[in-house]
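What follows is one structure encoded as structure tokens, with my remarks underneath.
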Amino acid sequence: MTPFLIRGRPRRATAHIRVRVVHSVVGALAGAGWLMLPVMTGGGGDPVPAAPDRPVAGAAAPRQDGMSGADLVLPLVAVGAAGVLAGYGYLRRTRRARTRTTPGVVSAAPPVPTAHEAERQARAALVLADDCVRGSGEELAFVRALFPAEAVEPFAHALRAAETELAAAFAIWRRYEEGVPVDPAARRQALVGVVGRCAEAGRLLDARAAELDRLRGLEQGVGAALEVAEARFRELTARTAAAQATAVRLQERHGPSAGVPVTGYVEQAKDRLVFATGRLNEARQAADAGDGARAARHLRAAEGGVAQAGVLVGGVEALAARLREAAGLVPATLTGAEADIAEARKGGGAGRIAGGELHARLAHADAVLSAVRAELTGGAFDPLDALRRVTRAVERLEVGRSGVMDAAALLVARATVGAAEDYVAVHRAAVGAPARARLAEAVRALGAGGARGAEVEEPARQARELAERDVRTHGNPYAGADGHAAGVAGAVLGGILLAEEPDAGPPVSFGGPETRGRRRLP
């Protein structure tokens with residue numbers, strides 16, 4: 001049997017149209033019959049005997065040989081009525097076809113989006129799902145400080161499951177960007193898979209949002225949660241001052257290039273803390289006034305500001321620690337690199353690299369090692385950059401690496417991925433899908449193990465560059481805007497506030513697309 005939705009017009013509607021057509025035709029034929037009737041009956045003699053030839057009182061009207069005007073009135077009226085009814089039926093059908101909500105012809109499937117539109121939808125889904133995962137993780141960090149692990153585990157499990165779905169979506173998208181699959185139909189299906197995975201990630205978080213609200217009970221009282229947020233705020237205030245001194249020492253000891261990954265981080269951390277200060281005060285005032293919903297809203301915004309200040313300060317601290325570790329690893333790495341170069345000269349890479357190409361790569365490796373040795377004795381230098389150059393040069397020789405070379409490559413990879421991760425986290429409102437996809441690729445390669453340094457560093461470096469470009473292009477619509485409290489611009493740029501309302505919108509909470517902005521103005 002043919003399904004109803006693909007039959008074209010429903011049968012009953014078709015029958016109604018046929019009946020109307022038949023009615024119109026019958027009416028027209030009846031009118032034509034009335035017109036022809038006088039003609040067919042007026043051709044013979046008089047139907048009655050002739051009157052006597054004498055005067056008649058009242059002077060009877062003279063006899064007419066043709067049809068009179070009165071004979072045509074009724075037929076014309078019938079034809080006109082039929083025409084009016086037919087026209088009225090046509091106009092009524094046209095008007096109903098234009099205004100009805102259910103079309104007469106229903107397609108079996110919705111319109112297929114163009115390739116460009118499908119790609120746009122996939123990119124938007126990736127950004128939204130990534131924002132939901134990041135925002136959920138920020139709130140969950142504060143929940144862990146208040147409740148035992150067994151109470152938090154259902155939400156942590158949902159977050160991990162959402163991260164898994166999101167990672168799979170990013171992996172599909174990266175293959176799509178690289179041209180895999182090739183078949184157009186398969187490529188459309190790949191985009192459907194990206195959107196579906198992102199939707200599932202959001203659904204997993206949405207399903208736990210109401211339960212998390214019940215666990216926290218912020219609307220009933222923010223006392224304990226407010227104390228946790230204020231304690232972290234005070235801790236970060238002290239760490240921010242120390243981080244400022246650390247950033248200065250980094251440039252003095254390792255040169256300007258060493259501090260580039262965290263340029264401006266101390267200033268941004270201060271801005272997030274200024275924002276958090278205002279929201280913590282608002283939360284306490286609302287709690288004192290008995291307005292639980294408003295207190296919860298301001299507390300959640302303050303938690304977001306504190307969390308991102310922690311990311312920024314932590315980025316400076318992590319870079320300082322990695323630079324110290326790298327500086328101690330450089331001498332051993334140079335020794336390991338010399339051993340690998342000697343093996344390559346004895347033919348370790350000759351089986352895979354042509355003789356002329358191998359000679360050029362060996363010359364490049366020798367030059368890199370000579371430059372790094374000169375930097376070691378020349379004063380300030382960037383040890384992470386030195387390790388990066390040495391490990392890259394040795395990788396190109398395609399020989400088995402020593403343990404110290406693996407350690408150096410891993411340290412550089414972690415530093416590069418960490419810098420990109422921190423930058424995206426605190427600028428996520430402006431960062432698009434390409435940067436996030438490269439970052440996800442780098443995180444996946446780093447976690448898989450066994451990947452060479454370039455396989456991790458290159459996508460991480462691209463992620464940071466794309467993210468910085470997105471931020472420059474995006475700008476900041478709240479910068480210097482009248483009527484907005486201090487720090488709001490940074491909170492919007494960081495994705496702490498959703499920028500949907502006059503005060504820059506609700507704070508992001510644990511949840512997916514349906515629930516993450518639930519703390520709106522009453």
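- With hydrogens and angles ignored, the 3.5 Å screen pairs a side-chain donor or acceptor of R297 with a backbone N or O of R519.
- A distance-only check finds no donor-acceptor pair linking the side chain of R322 to the backbone of L384 [under 3.5 Å].
- Separating the CD1 atom in I172 from the CD atom in Q189 is a distance of 10.0 Å, to the nearest 0.5 Å.
- Looking only at side-chain heavy atoms (C-beta outward), V426 and L493 stay at 4.5 Å or farther from each other.
- The nearest pair of heavy atoms linking A276 to F233 is CB-CD1, 4.2 Å.
- Atom CD of E325 has 12 or fewer neighbouring heavy atoms from other residues, nucleotides or ligands inside a 6.0 Å radius.
- Aromatic ring centres of W173 and Y176: separated by under 6.0 Å.
- A donor-acceptor pair under 3.5 Å links the side-chain atoms of E395 to the main chain of G453, judged by distance alone.
- For the pair V133 and L159, the minimum side-chain heavy-atom distance is below 4.5 Å.
- Taking 4.5 Å as the limit, every side-chain heavy atom of I496 sits out of range of all side-chain heavy atoms of R279.
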Stepwise side chain to side chain contact (heavy atoms under 4.5 Å, CB included) test for D213 and R518: CA-CA 11 Å; D213 286 348; R518 59 189 176 275; 2.7 Å; yes
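- Between R134 and D131 no salt bridge is recorded (no basic side-chain N to carboxylate O distance below 4.0 Å).
- Dense packing is recorded around CZ of R461, with more than 12 heavy atoms of other residues, nucleotides or ligands lying under 6.0 Å away.
- Side-chain contact between V456 and T416: absent, with no pair of heavy atoms (C-beta onward) separated by less than 4.5 Å.
- Note that CZ of R214 and CD of E219 are 12.0 Å apart. Values are rounded to the nearest 0.5 Å.
- Nearest approach of F147 to A151, heavy atoms of both residues: CB-CB, 4.3 Å.
- Put simply, the side chain of R464 gets close to the backbone of P261: a donor and an acceptor are under 3.5 Å apart.
- R144 contributes atom CZ, which lies 8.5 Å from atom CD of E153 (distance to the nearest 0.5 angstrom).
- Taking a 6.0 Å sphere around CZ of R187, one finds it holds more than 12 heavy atoms contributed by other residues, nucleotides or ligands.
- Around CZ of R284, the count of heavy atoms belonging to other residues, nucleotides or ligands within 6.0 Å does not exceed 12.
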What's the verdict on side chain to side chain contact (heavy atoms under 4.5 Å, CB included) for T515 and S509, showing C-alpha distance, side-chain angles and the deciding distance? CA-CA 8 Å; T515 59; S509 300; over 6 Å; no
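- The CD atom of E455 lies 12.0 Å from the CG atom of L446; values are rounded to the nearest 0.5 Å.
- Counting only heavy atoms from C-beta outward, the side chains of E177 and R174 approach each other to under 4.5 Å.
- Under a cut-off of 6.0 angstrom, the local environment of CD in E514 is sparse, with at most 12 non-hydrogen atoms contributed by other residues, nucleotides or ligands.
- With E165 as the partner, the salt bridge (charged side-chain N to carboxylate O under 4.0 Å, His left out) test is satisfied by one option alone out of R203, R197, R160: R197.
- Annotation for L205 and A158: closest pair CD2-O, 4.1 Å, computed over non-hydrogen atoms.
- Between the side chain of D271 and the main chain of E267, no donor-acceptor pair closer than 3.5 Å is present.
- Among the candidates H427, E303, R272, the single residue satisfying the side chain to side chain donor-acceptor pair (under 3.5 Å) test with Q308 is R272.
- Ion pairing of E117 with R120 is present here, as a side-chain N (NZ or NE/NH1/NH2) and a carboxylate O approach within less than 4.0 Å.
- Both tests hold for R232 against F142: distance to the six-membered ring centre under 6.0 Å, angle to the ring axis within 45°.
- Annotation: side chain of L218 is not in contact with side chain of R300 (no heavy-atom distance under 4.5 Å).
- In this structure, L212 and F155 approach most closely via the heavy-atom pair N-CE2, 3.5 Å.
- The minimum heavy-atom distance linking V313 with A269 is given by the pair CG2-CB, 3.8 Å.
- Taking every heavy atom of both residues into account, A429 and G495 meet most closely at CB-N, 4.0 Å.
- Here the side chain of S136 pairs a donor or acceptor atom with the backbone of G511 at under 3.5 angstrom.
- No option in Q462, E465, E458 other than Q462 meets the side chain to side chain donor-acceptor pair (under 3.5 Å) test with R438.
- Using a 4.5 Å cut-off on side-chain heavy atoms (C-beta onward), V152 and L146 make no contact.
- If you take CZ on R324 and CG on L319, they are separated by 10.0 Å, rounding to the nearest 0.5 Å.
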Step-by-step side chain to side chain contact (heavy atoms under 4.5 Å, CB included) determination, D382 to L323: CA-CA 8 Å; D382 184 348; L323 285 170; 3.6 Å; yes
Can you check side chain to side chain contact (heavy atoms under 4.5 Å, CB included) on V311 and E138, steps first, answer last? CA-CA 10 Å; V311 171; E138 287 177 355; 5.9 Å; no
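- To the nearest 0.5 Å, atoms CG (L280) and CD (E227) are separated by 12.0 Å.
- Considering only heavy atoms from C-beta on, K270 stays 4.5 Å or farther from L273 through its side chain.
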